[in-house]
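Presented below is the structure to which this report refers.
Residue indices begin at 1 and follow the sequence shown. Note that ligands are numbered from 1 as they come in the structure, with each ligand's atoms numbered from 1 the same way.
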Amino acid sequence: MPDPLPNLSPGELSRYSRHILLDEVGLEGQRRLAAARVLVVGAGGLGSPAALYLAAAGVGTLGLADLDRVEEHNLQRQILHDTAAVGVPKVESAARRLAALNPHVRLRFHPEGITPANAVAVFGEYDVVVDGSDNFGTRYLTNDAAFFARRPLVHGSIFKFEGQVAVFDPAGGGPCYRCLFPEPPAPGTVPGCGEAGVLGALCGVIGSLQALEAVKCLLGIGQPLRGRLLVVDSLTQEYRTLDVPRDPQCPLCGAAPSIRGIDAARYDAACAPAAPETAAAPPGAPEEIEVEEASRLAAAAGGVLVLDVREPYEVQICQLAGSRHIPLRQIPARLGELPRDRHILVLCHVGERSRRVAEFLRAQGFPAVSNISGGIAAWADRVDPALRRY
Ligand SMILES: [Zn+2]
């Protein structure tokens, strides 16, 4: 038997009066929200609006799992956090904001994030899980763990100007994420986690829709997006709903599943960059070079050239002293400016665009070209913390 629903104080009745006025919510629905436990995975672009609306709605226990710290380039869309929170763990920054928004909500934080070791147990402590993760590894882990914990998962994702929302609830008869996409895309076939652009307000739309679906699940009202995928094109403002049937062949929730538990190795490589596939580099010029080694070569006399292929706006954010800047798209037309007798180290933001340029230069006959693995982001992490990150 479920515990009796909590009674609401006069202050709570006042706070939630616009909910209670709705026949479909009413006093009982609001008390049901007060008894509910919702976990938001990720305190980023989607998790920010989702957590804010769920806290404001009076969800009794709100959990937040995130292991990152707030960075300046998060603030364009992650509205849980503010400028003063840069450098602070996201769960800490979120705690301040959410507690200030609604002191009636019991907040729980999982600063270790969602991991293969904790996911099923943590999900089991909540009624609904909202997925605000931004990478395929966590997305698949969250899907699989929600299945094993038998909890409905409110999925949301965005790519450039498009967003998607669905409720995955195999225990309730619906499909799971793997019914749509059985396996993560091959490494390197999609832009890296830190590389794709995101329109901030679209995060607000999709994260708010996720909060809405979670509240509907908790109240049992309306028609949740169970078995349906909402696809939002923010450029045309077209909202399409696609039927997503459960796949009997699904490797997770199908009749003969191949995934029978959480195996950590399954979620590791999902956001790894593509392995280089060009012919071997000449002796002394490895195809990939770590930032520490690149830094040593760049500082030594003897003439390596660091070729920065990022966009001009990125160079304004941060750059390496002594590097030469030619944006990626201008490389083919400006090959004549590049020396063929020097070792060229190609640099971009996270090492993916630069890998393509390095392959291109080798194909053009440049004898010694290396890609700087991890790009200037890794350089800022491991060589020069004074570099501004983005
Ligand atoms: Zn499935």
### Message
Whether the side chain of Asn143 engages the backbone of Tyr177 through a donor-acceptor N/O pair (distance < 3.5 Å, no angle test) should be reported.
### Response
yes
Protein N/O/S atoms closer than 2.8 Å to the Zn ion (ligand 1), ordered by chain and number, come to Cys176 SG, Cys179 SG, Cys250 SG, Cys253 SG
Q. Counting distance only, does the side-chain N/O of Ser370 pair as donor-acceptor with the main-chain N or O of Pro286 below 3.5 Å?
A. yes
With no hydrogens and no angle check, just 3.5 Å: does a side-chain donor-acceptor pair link Tyr267 and Asp144? yes
Looking only at the side chains, is there a donor atom on one of Ser295 and Glu292 sitting less than 3.5 Å from an acceptor on the other? no
Result for side chain to side chain donor-acceptor pair (under 3.5 Å) between Glu125 and one of Arg37, Arg151, Arg108, His110 points to Arg108
Report task. Look at the aromatic rings of His19 and Tyr16 and report parallel, tilted or perpendicular, splitting at 30° and 60°. Result -> parallel
